[in-house]
Amino acid sequence: MSGWPKVFRDPVHDVIQLEDNDIDRLIFKLINTREMQRLRRIRQLGFSSLTYPGANHTRLAHSIGVMEISRQMLAVLDRKHPGKIARDEQLRISVMALLHDVGHGPFSHAFEKVTDTDHEDWTRHIILDDTTEVNAVLRAHDAALPAVIAILFDKTSGADAFQGSMRALVDIVSSQLDADRMDYLLRDSMMTGSRLGQIDMSWLVRCVDIDFEKQTLFLSHKGLQAAESNILARHHMFKSVYFHKTTRSAEVMLKSVLEAITLKLRNGADWQTLIPGTGPHLLPAMLGRLDMQSYLRMDDVSVWELLKCCGDSRIRRSAILAMDS
């Protein structure tokens with residue numbers, strides 16, 4: 001037996017199935033890379049589980065979900081415009097959708113503010129760095145593929161670097177009504193139990209179309225109400241879930257602890273003396289010396305280990321002072 005198809009059971013999309021073809025084989029290899037598997041140890045909603053105990057879903061699950069919605073949108077466009085969307089374009093968008101969060105660090109937004117990092121920049125670095133498994137898998141498929149995918153994540157050029165349908169197709173993953181937002185609204189709503197992010201995804205996907213002349217993606221008029229509901233759902237999820245006072249308070253406290261540690265380290269304190277018993281995984285980030293291997297060793301577990309070891313009263317006082325300043 002060949003072992004195909006590969007089937008994922010997902011709480012949002014039910015069955016996600018990869019077939020024995022060139023695109024799906026590449027997707028499956030990418031899912032199994034060390035860099036993608038690291039996302040199992042990074043939760044999608046960070047501290048939200050303090051308020052919503054079920055919110056323990058990971059960025060890996062979300063990434064696979066975004067890939068699935070993107071494939072559904074590509075399938076709809078292919079049915080509406082047979083032969084107009086090239087096979088390599090479908091592959092690029094599927095890969096972009098899967099890898100869009102591969103650069104996320106632990107407790108991303110609070111961590112990024114302290115360490116002056118950007119997960120989108122790290123996504124590009126991971127794709128381009130020839131020491132990563134993601135890069136190796138992409139190169140094995142096509143030597144030029146890492147550079148092409150990295151351009152799609154470039155803030156300054158992105159879709160503008162392409163012409164024709166590819167320029168429009170990037171909106172499937174990165175736009176005001178993209179697969180990323182659809183998946184995280186549905187997934188975060190389900191896992192928090194809030195119900196506020198429930199959107200009519202299947203209808204939105206059905207209403208997607210492409211204007212080849214204007215090189216843009218659009219929704220048909222039949223999708224107007226579903227699009228309005230999507231915008232309202234996102235508004236309510238931000239107010240009730242993403243900006244929940246408990247979550248935001250925990251993020252501020254984490255930021256204060258990290259800032260206090262960083263200040264002491266940069267003033268010459270010894271890591272093991274300052275925080276006895278903790279591993280060195282976060283040390284390069286605290287000192288501003290992050291390289292690829294150091295970054296990939298960091299995950300939510302690293303931060304929780306650090307917090308468990310922060311029993312030293314000097315760290316607690318420093319963090320409190322930082323919060324008051």
Side-chain angles (χ1 to χ4, degrees), residues 8 10-17 23 27 44 57 61-87 89-101 152-153 158-160 162-243:
F8 300 86
D10 183 78
V12 176
H13 306 294
D14 192 16
V15 173
I16 299 174
Q17 184 163 305
I23 295 179
I27 290 296
Q44 176 75 9
H57 53 300
H62 166 62
S63 296
I64 294 173
V66 175
M67 181 271 299
E68 171 63 14
I69 298 175
S70 297
R71 284 152 46 98
Q72 291 180 23
M73 295 170 79
L74 286 167
V76 166
L77 294 173
D78 194 46
R79 286 196 298 270
K80 292 179 178 180
H81 307 280
K84 286 287 193 73
I85 300 173
R87 186 76 175 171
E89 292 177 328
Q90 296 181 40
L91 182 145
R92 292 171 185 175
I93 295 303
S94 298
V95 169
M96 181 188 181
L98 180 69
L99 297 181
H100 80 284
D101 268 357
L152 295 174
F153 290 106
D160 293 336
F162 299 89
Q163 293 298 320
S165 56
M166 189 62 200
R167 187 170 186 173
L169 292 174
V170 173
D171 284 349
I172 288 177
V173 184
S174 180
S175 67
Q176 293 299 309
L177 195 66
D178 57 28
D180 181 20
R181 295 187 182 193
M182 289 188 208
D183 185 83
Y184 77 60
L185 285 175
L186 288 169
R187 193 172 301 275
D188 296 349
S189 177
M190 173 179 287
M191 304 310 288
T192 58
S194 68
R195 303 292 190 271
L196 293 171
Q198 295 301 308
I199 60 172
D200 195 350
M201 186 204 78
S202 60
W203 190 252
L204 283 169
V205 169
R206 182 186 178 91
C207 292
V208 167
D209 208 337
I210 186 170
D211 187 321
F212 290 96
E213 183 178 342
K214 295 181 179 179
Q215 301 178 12
T216 186
L217 211 65
F218 69 95
L219 282 178
S220 70
H221 68 281
K222 293 183 179 179
L224 177 60
Q225 285 75 30
E228 290 174 344
S229 296
N230 181 288
I231 293 170
L232 285 172
R234 188 166 179 266
H235 168 74
H236 291 306
M237 284 293 287
F238 267 90
K239 286 189 66 175
S240 299
V241 177
Y242 307 136
F243 288 162

Evaluate the side-chain contact (heavy atoms from CB on, under 4.5 Å) criterion for residues D10 and V15: first the C-alpha distance (whole Å), next the side-chain angles of each, then the deciding distance (0.1 Å), finally the verdict. CA-CA 6 Å; D10 183 78; V15 173; over 6 Å; no
Evaluate V95 against I27 for side-chain contact (heavy atoms from CB on, under 4.5 Å), listing each step before the verdict. CA-CA 7 Å; V95 169; I27 290 296; 4.3 Å; yes
After noting the C-alpha distance and the side-chain angles of L77 and K84, does the key distance pass the side-chain contact (heavy atoms from CB on, under 4.5 Å) rule? CA-CA 9 Å; L77 294 173; K84 286 287 193 73; over 6 Å; no
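For the atom pair CE of M96 and OG of S174, the computed distance is 5.5 Å after rounding to the nearest 0.5 Å. Going from atom CG of D209 over to atom NE2 of H81 covers 3.5 Å, rounded to the nearest 0.5 Å. Rounded to the nearest 0.5 angstrom, I210 CD1 and D78 CG are separated by 11.0 Å. Summarising the geometry, atom CG belonging to L99 is positioned 10.5 Å from atom OG belonging to S94; distances are rounded to the nearest 0.5 Å. I69 contributes atom CD1, which lies 6.5 Å from atom CG of L186 (distance to the nearest 0.5 angstrom). Between atom CG of residue D188 and atom CG of residue L196 there is a gap of 11.5 Å, rounded to the nearest 0.5 Å.
Between D101 and S63, the closest side-chain pair of non-hydrogen atoms falls below 4.5 Å. Contact annotation: the side chain of I93 approaches that of L74 to within less than 4.5 Å [non-hydrogen atoms, C-beta and beyond]. Side-chain contact between I172 and D178 is absent, with no heavy-atom pair separated by less than 4.5 Å. No side-chain heavy atom of S229 sits less than 4.5 Å from a side-chain heavy atom of D200. Annotation: side chain of D183 is not in contact with side chain of M67 (no heavy-atom distance under 4.5 Å). Looking only at side-chain heavy atoms (C-beta outward), V76 and R79 come within less than 4.5 Å of each other. You'll find the side chain of R92 reaches within 4.5 Å of the side chain of M166, heavy atoms only. Side-chain contact between M191 and Q44 is absent, with no heavy-atom pair separated by less than 4.5 Å.
Taking the six-membered ring for Trp and thresholds of 30 and 60 degrees, H62 and Y184 have ring planes inclined between 30 and 60 degrees apart.
Around atom CD of Q176, no more than 12 heavy atoms belonging to other residues, nucleotides or ligands sit under 6.0 Å away. The local environment of NZ in K239 is sparse, with at most 12 non-hydrogen atoms from other residues, nucleotides or ligands closer than 6.0 Å.
A side-chain donor-acceptor contact under 3.5 Å links S189 to the backbone of R195. Here the side chain of K222 pairs no donor or acceptor atom with the backbone of R206 at under 3.5 angstrom.
A salt bridge links E68 with R71: at least one charged nitrogen is closer than 4.0 Å to a carboxylate oxygen.
Counting all heavy atoms, side chain and backbone alike, R234 lies closest to L185 at CA-CD2, 3.6 Å. In plain terms, the two heavy atoms of L219 and A227 that are nearest each other are CD1-CB, 3.8 Å. Closest of all the heavy-atom pairs between L152 and V170 is CD2-CG2, 3.6 Å. The two residues M182 and V205 come nearest to each other via the heavy atoms SD-CG2, 4.4 Å. I16 and H13 make their closest contact through CG1-CB, 4.0 Å (heavy atoms, listed as atom of the first residue, atom of the second, distance). Residue A179 comes nearest to M73 through the heavy atom pair CB-SD, 4.3 Å, listed as atom of the first residue, atom of the second, then distance.
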